[in-house]
Amino acid sequence: MRFENSLAFAKELDEKDPLKKFRALFYFPLMDEKDVIYFTGNSLGLQPRQTQDYILRELEDWATYGVEGHFHSHIPWYHYKEYLSDSVAKLVGAKKEEVVVMNSLTVNLHLLLVSFYRPAGARFKIICEYDAFPSDLYAVQSQASVHGYNPDDAVIYLKPRNGEYCLRTEDVIKAIEDAGDSLATVMLGAVNFFTSAAHKVGATCGFNLAHAAGNVTMKLHDWNADYACFCSYKYLNAGPGSVSGIFVHEKHFGKHLPQFAGWWGNDPETRFKMPRTFEPVKAASAWALSNDPVLSMASLKSSLDIFDAAGMENLRSKSEMLTGYLEYIIKSINTKIEGRKLNLEIITPSDASQRGCQLSIIAHGLGKDLYNKLTEAGVLCDWREPNVMRAAPVPLYNSFEDVYRFGVILENILLK
Ligand SMILES: *Cc1c(COP(=O)(O)O)cnc(C)c1O
């Protein structure tokens, strides 16, 4: 598609956008009584306007029924998470039984590693990214410690090549092959096709999909991933600290993998008979420990209903265009600031199939001052020290006009 850097062109794209009506379903933070340009859905998604109603409904049912709400609420709390599984399964490309919503993200990563990081004898290593989110680093390091290993020996950190910003697939596969029999599990941030390489050396392969869920289309079942977890407050718009989700491939069901167990992972048929020994249900929900945090799940349900209405494939098509437009705008600003000692370098892959909606941009010659000025001008994006700006136009609620206006503001700051 040939883009143009003009308001008329951006408005025309919005007019033709089959998903344009979804923007009105969200609250935008205001600055000087105007909507901000919100490019931080990668950190905290916006609140759907209907979420209050979903939560209020549960509060009303609680007021009306008390404990009886477990079975008589409009969505019986006893089965609440099952009402989320279809939508979640569609988002990650899984069977309904392979997903469950529970706990928060880092907790879930630990619970999964308890089952899928099973060091024994010479096989005790974990592969993860050197630049992984700190919580993920602490999780893998502490798992190694709990099993009696020194994390410095047990964790293999993967770094991009010198001068590069992203790991190359071939380098990940080589690291897996080099680790060979010593490798117990691979835990990476981005979904990719490393699963077969990991399985070939006898290791398990899992993913932290915090930045992928609700952002890119996935086929976790077909890709033969062993395990995965994701949060719901970034692209899934379920609100701060809201409930997380996991995926466990069905091939692991009924195998009595070592796990931490709780009553909500017990077969629901016998759960309330209170058996003295754990009878895990043959589903990912075997990993659930506690009864459902219904208020948090109601918030997630509100957002998932919107995802179901929009369709992840449609969102992804728009997303590729929206982020492509942002890339085009950044590049066109670059040609205007040529000759000055500044430059915007996009370090996210340029191949749309290798990235989600977010672009990470190094602002050469500029510091946090740029971020502060953007914020003052009504743009919310992410800043990583020393000079990386992350902008995530989200297809559910961002428009091509947002991208155009962002470009105008950025250009004005840079040309000053
Ligand atoms: C957002 C994020 C987290 C946050 O973990 P919480 O347990 O939800 O606080 C962890 N890991 C990754 C990769 C993330 O993107």
Side-chain angles (χ1 to χ4, degrees), residues 38-47 84 88 91-92 99-114 116-117 126-144 151 155 157-160 165-167 172 185-192 194 205-216 218 220 225-247 260 287-290 292-293 295-297 299-300 303 347-348 355-360 380-385 388-392 394:
Y38 198 80
F39 281 174
T40 39
N42 58 339
S43 184
L44 185 72
L46 290 180
Q47 182 186 146
L84 304 175
V88 172
L91 286 180
V92 299
V99 294
V100 65
V101 170
M102 60 188 204
N103 309 312
S104 49
L105 179 55
T106 307
V107 173
N108 284 341
L109 181 55
H110 274 297
L111 292 177
L112 289 167
L113 287 172
V114 164
F116 292 99
Y117 172 56
I126 314 179
I127 283 184
C128 77
E129 285 143 288
Y130 182 82
D131 293 322
F133 198 85
S135 201
D136 297 24
L137 294 177
Y138 309 153
V140 296
Q141 290 162 356
S142 60
Q143 286 280 334
V155 186
Y157 298 104
L158 303 185
K159 272 187 186 175
Y165 300 103
C166 303
L167 285 170
V172 179
T185 196
V186 177
M187 203 290 290
L188 294 170
V191 209
N192 217 309
F194 310 121
C205 193
F207 301 96
N208 186 334
L209 303 174
H211 284 272
N215 180 13
V216 295
M218 291 179 273
L220 291 183
D226 293 291
Y227 62 101
C229 50
F230 40 93
C231 63
S232 67
Y233 50 82
K234 291 173 180 163
Y235 294 108
L236 294 183
N237 313 319
S242 202
V243 69
S244 156
I246 68 161
F247 163 89
F260 289 166
W287 275 263
L289 303 180
S290 298
D292 298 340
L295 299 183
S296 177
M297 287 187 175
S299 179
L300 177 57
S303 175
I347 58 174
T348 307
R355 68 184 183 199
C357 74
Q358 174 192 306
L359 291 185
S360 298
L380 290 185
C381 60
D382 248 22
W383 187 261
R384 288 283 153 113
E385 293 295 346
V388 179
M389 174 169 67
R390 304 193 309 176
V394 168

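Indexing begins at 1, ligand by ligand and atom by atom, following the structure's order. All values below come from the heavy atoms of this structure, side chains included, with hydrogens, waters and symmetry mates left out.
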Practice item. Verify the neighbour count for atom OH of Tyr157: are there more than 12 heavy atoms of other residues, nucleotides or ligands below 6.0 Å? Key: yes

Review point. Quick one: are Cys128 and Val155 in side-chain contact, heavy atoms under 4.5 Å?
Key: yes

Point to revise | Ser360 side chain near Tyr165 side chain, heavy-atom distance below 4.5 Å | key: no

Point to revise | Atom-level proximity to ligand 1, residues with heavy atom under 4.0 Å | key: Leu105, Thr106, Phe133, Asp136, Asn208, Ala210, His211, Tyr233, Lys234

Check your understanding: Is there a donor-acceptor contact under 3.5 Å linking the side chains of Thr185 and Tyr227?
Key -> yes

Study note, to complete from the structure: All heavy atoms of Val88 vs all of Val101, minimum pair found to be CG2-CG2, 3.9 Å

Point to revise | Exercise: do Ser299 and Ser242 side chains pair donor with acceptor under 3.5 Å | key: no

